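Accompanying notes for the structure given below.
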There are 2 protein chains.
Amino acid sequence: MTSGPAKRGRRPGAPDTRAAILDAARSLFATQGYSGTTIRAVAAAAGVDGALVHHYFGTKDDLFVAALDIPVDPRQILAPVVAGGADGAAERFLLAFLSVWDDPDVRPALLTVARTMMEPATQRVFADGFLPVVIGPLGVALDLDRPELRMPLVASQVVGLILLRYVLLVEPLASMPTEQVVATYAPTLQRYLTGPLP
Amino acid sequence: MTSGPAKRGRRPGAPDTRAAILDAARSLFATQGYSGTTIRAVAAAAGVDGALVHHYFGTKDDLFVAALDIPVDPRQILAPVVAGGADGAAERFLLAFLSVWDDPDVRPALLTVARTMMEPATQRVFADGFLPVVIGPLGVALDLDRPELRMPLVASQVVGLILLRYVLLVEPLASMPTEQVVATYAPTLQRYLTGPLP
DNA sequence: GTCTATAAATCGATAGAC
DNA sequence: GTCTATCGATTTATAGAC
């Protein structure tokens, strides 16, 4: 993020302290969660004064949303998954999902979101927000039977995988090649999507 | 917790404020996490003064470990799982696991642990502690092949299930009868334990 | 045993000098 | 643009009266 093409001539009076603050905030939010990162810690990590953080970004909430900057649209990622129909949807879903998480430009933002979803104060955002508005519609778009049952099953496996592989970095999941992850979890998800259920 | 059998006669001078504080702490730690619950909130919920909390339990950390008091020994719960061998271990494992979580006397303590595991400061306790010392040995006790690969797979599904069913209370998982949960997830876990893997 | 009062630290946020 | 200084609120924790 900090490394752009070097501009010609003298740099302006404000070097990149705004970007430095944003980078520090991204890193701290991703590792310490929202309530765990203080404005002062962000300022210290960026090597500037705490007041500058407010000067550039206003309140702490403003800094948080500025640091998020999710560079992906979930519906756009999920479009090819629904386009192929229910057959093989598990494999396409895993591929789409992992390709986003394995992108080093996107992962920090997703880690931030994941950590924040775990905090008690914001955890209903996942249960009442993300799940019904992005995962739920995927089930009806795939024309599953009982999607209101099957999609939470899918979510329960994907959330656990994300947590161990990307957040907690549990081996050997963390270092496993994408293709092996897909091949390992696709049968599970395909059964949840279209297989027989009690 | 608050409702025990009513004792005969006059209650002693110190009623049960210590137990009231402990109950309030348990409830708040379980719902708000460690950093999310304040001593003052515990005192208010117990209907006492904040200083009493310190008087009875010392520091906030002391109160936390006092509020934990996990009433189960994981190895004892898992004993019948390993005793039966690898065949049908998934079903026995799910039954043992869910019976603990569905026990209303135990769930608050487990919720507290789960919430605390998610906090950035203590999250390595799960990855470096719980997983290798209780889940890992289960794999070798069952004499699986490649247990260091298979047990994290099992953990990834169980963690996701616990998170959605008990922490986030996502429907219909939260209200699903135990037998249906077992029947739904047993095939997945059995494949992770003994089935073919890439 | 229970409470008031307060110390000591830390937080987010603001005002204003340079 | 950057910083010093500080306010006001909140937190844990302690000291001591009753």
Side-chain angles (χ1 to χ4, degrees), chain A residues 1-2 4 7 9-68 112 115-116 119-122, chain B residues 2 7 9-68 112 115-116 119-122:
Chain A
M1 299 274 187
T2 330
K7 293 217 182 66
R10 185 182 192 272
R11 294 204 307 189
D16 52 356
T17 76
R18 186 193 154 95
I21 291 173
L22 209 53
D23 276 357
R26 252 189 276 265
S27 169
L28 285 175
F29 278 133
T31 57
Q32 309 294 332
Y34 175 81
S35 54
T37 89
T38 68
I39 296 271
R40 291 167 139 85
V42 171
V48 299
D49 188 90
L52 271 191
V53 179
H54 288 108
H55 180 261
Y56 278 120
F57 297 100
T59 171
K60 186 182 179 181
D61 286 354
D62 297 336
L63 175 63
F64 181 73
V65 304
L68 268 188
T112 301
R115 282 251 165 64
T116 308
E119 297 189 16
T122 57
Chain B
T2 329
K7 293 215 181 67
R10 187 181 190 273
R11 296 202 308 189
D16 51 355
T17 74
R18 187 194 153 95
I21 292 173
L22 210 52
D23 276 359
R26 253 189 274 266
S27 168
L28 285 175
F29 278 133
T31 57
Q32 309 294 331
Y34 175 81
S35 54
T37 88
T38 67
I39 297 271
R40 292 166 137 83
V42 172
V48 300
D49 189 87
L52 272 190
V53 180
H54 287 108
H55 179 263
Y56 279 120
F57 297 99
T59 171
K60 185 182 179 181
D61 287 353
D62 297 336
L63 176 62
F64 181 73
V65 303
L68 268 189
T112 301
R115 282 251 163 66
T116 309
E119 297 190 15
T122 57

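Both backbone and side-chain heavy atoms feed into the values below; hydrogens, waters and symmetry mates do not. Just so it is clear, the model here is predicted, and its values are computed rather than measured. So that the names make sense, note that chain A is the first sequence line, chain B the second, and so on, each numbered from 1.
- Between C:dT2 and B:Y56, a contact under 4.0 Å exists linking OP1 or OP2 to a side-chain N or O.
- The backbone N or O of A:T38 sits nowhere less than 3.5 Å from a side-chain atom of A:K60 that would complete a donor-acceptor pair.
- Rounded to whole angstrom, the span from the CG atom of A:L52 across to the P atom of C:dC18 amounts to 18 Å.
- Here the nucleotide nearest the side chain of A:R40, chosen from D:dC3, C:dG1, D:dT6, is D:dT6.
- Side chain of A:T122 to main chain of A:T116: a donor-acceptor pair is present (N/O by atom type, distance under 3.5 Å, no hydrogens or angles).
- Below 30°, between 30° and 60°, or above 60°: for A:Y34 and A:F29 the angle between ring planes is below 30°, a parallel geometry.
- The separation between A:I39 atom CD1 and C:dC11 atom C1' is 10 Å, rounded to whole Å.
- At the heavy-atom level, B:S35 lies nowhere under 4.0 Å from the strands shown.
- As a whole-Å value, the separation of B:H54 NE2 from D:dT11 P is 13 Å.
- Ranking D:dA15, C:dA13, C:dC11 by closeness to the A:T38 side chain, first place goes to C:dC11.
- Remark: P of C:dA13 and CG of A:L63 are 10 Å apart, rounded to the nearest angstrom.
- For the OP1/OP2 pair of D:dG1 and a distance below 4.0 Å, the side-chain nitrogens and oxygens of A:T17 include no atom meeting the criterion.
- Atom-to-atom, NZ of A:K60 to C1' of D:dT10 comes out at 13 Å; the value is rounded to the nearest Å.
- At whole-Å resolution of the value, CZ in A:F64 and C1' in C:dG12 are 17 Å apart.
- Atom NE2 in A:H55 sits roughly 19 Å away from atom P in C:dG12 (whole-Å rounding).
- As rounded to whole Å, 13 Å separates atom C1' of D:dT14 from atom CG of B:D49.
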Worksheet item: Passes side chain to side chain contact (heavy atoms under 4.5 Å, CB included), A:Y56 versus A:T17? Steps please.
Response: CA-CA 10 Å; A:Y56 278 120; A:T17 76; 3.4 Å; yes
